[in-house]
Amino acid sequence: MEWTTLAGTGLGAVVGVGSTLLADRVRWRRETGERDRRERRDVYVTCLTKYRLAYEGMYAAASAHRDGPADHRDAAVREAFRASGCDEVRETVLICAPPEMSTVAEDVYASLRALLEVFAAGDPALDTPGFQEHRLRHAQAVWAARAAMRTALGRGD
């Protein structure tokens, strides 16, 4: 056997193995990136959903206890907030999401905490422009978070 045949066979084997390894690496990176994007999407959706549940629960509690004793309204609103699971999902976002996404999620959480105090105090009343200002600040924080999350997931603005 000539050395050129042996060298050609060896070179072919190196090229074959190298191209297979490169293709596997590219596929692995793509699959990892897609898995990470799906996980982030799930965390973002869960976060915004839990925040929405907290808002709705607090609103319902405040409405149900509107005319009752202030301490009952306060306790019901705070329980609705705790039961929503938004504290747990907030921690998940703070740990798992990139820093810029943690910031927008924290903005929503802060506006939700401000609403918690409004609902618990019963002031301003739910049917007043003063309450609508608080609700609007929260809604703006939610919309900003949605836009940032869509951009981070490559979905555009």
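Note that the numbering runs from 1 along the sequence shown for the chain. Every value quoted in this text rests on a predicted model; they were computed, and no experiment measured them.
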Legend entry - Distance-minimising heavy-atom pair for Ala54 and Ser84: CB-OG, 3.3 Å

Legend entry - Qualifying residue, where the test is side chain to side chain contact (heavy atoms under 4.5 Å, CB included) with Cys47 and the options are Val104, Asp42, Val89: Val89

Inset, instruction - Enter the distance from Met101:CE to Tyr44:OH here, rounded to the nearest 0.5 Å. - result: 4.5 Å

Legend entry - Point-to-point distance, once rounded to the nearest 0.5 Å, from CD of Glu88 to CD of Glu91: 9.0 Å

Legend entry - Side chain to side chain, Asp123 and Phe131, heavy atoms closer than 4.5 Å: no

Inset, instruction - May I ask you to check whether over 12 heavy atoms, not counting those of Arg29, lie within 6.0 Å of atom CZ? - result: no

Legend entry - Minimum heavy-atom distance between Gly130 and Pro124, given as atom pair plus value: C-CG, 3.5 Å

Legend entry - Nearest heavy atoms of Phe119 and Arg73, plus distance in Å: O-CD, 3.4 Å

Inset, instruction - Inspect the contact between Glu117 and Arg78 and indicate whether a charged nitrogen and a carboxylate oxygen are less than 4.0 angstrom apart. - result: yes

Legend entry - Pairwise side-chain contact, Tyr55 with Leu112, heavy-atom cut-off 4.5 Å (strictly under): yes

Inset, instruction - For Asp127 and Arg66, work out which heavy atoms get closest and say how close. - result: OD2-NH1, 4.1 Å

Legend entry - Heavy-atom closest pair, residues Thr128 and Ala125: OG1-O, 2.7 Å

Legend entry - Flag side-chain contact, heavy atom, 4.5 Å: Tyr59 against Val77: no

Legend entry - Lys/Arg-Asp/Glu bridge criterion (N-O < 4.0 Å) met for Glu106, Arg90: yes

Inset, instruction - Determine whether His134 and His138 make a side-chain contact, defined as any pair of heavy atoms from C-beta on separated by less than 4.5 Å. - result: no

Inset, instruction - Quick one: closest heavy-atom pair of Arg146 and Leu48, and the distance? - result: CG-CD1, 3.6 Å

Inset, instruction - Check whether any side-chain heavy atom of Thr92 lies under 4.5 Å from a side-chain heavy atom of Thr46, and answer yes or no. - result: no

Inset, instruction - Report yes if the side chains of Cys86 and Leu53 come closer than 4.5 Å at any heavy-atom pair, otherwise no. - result: no

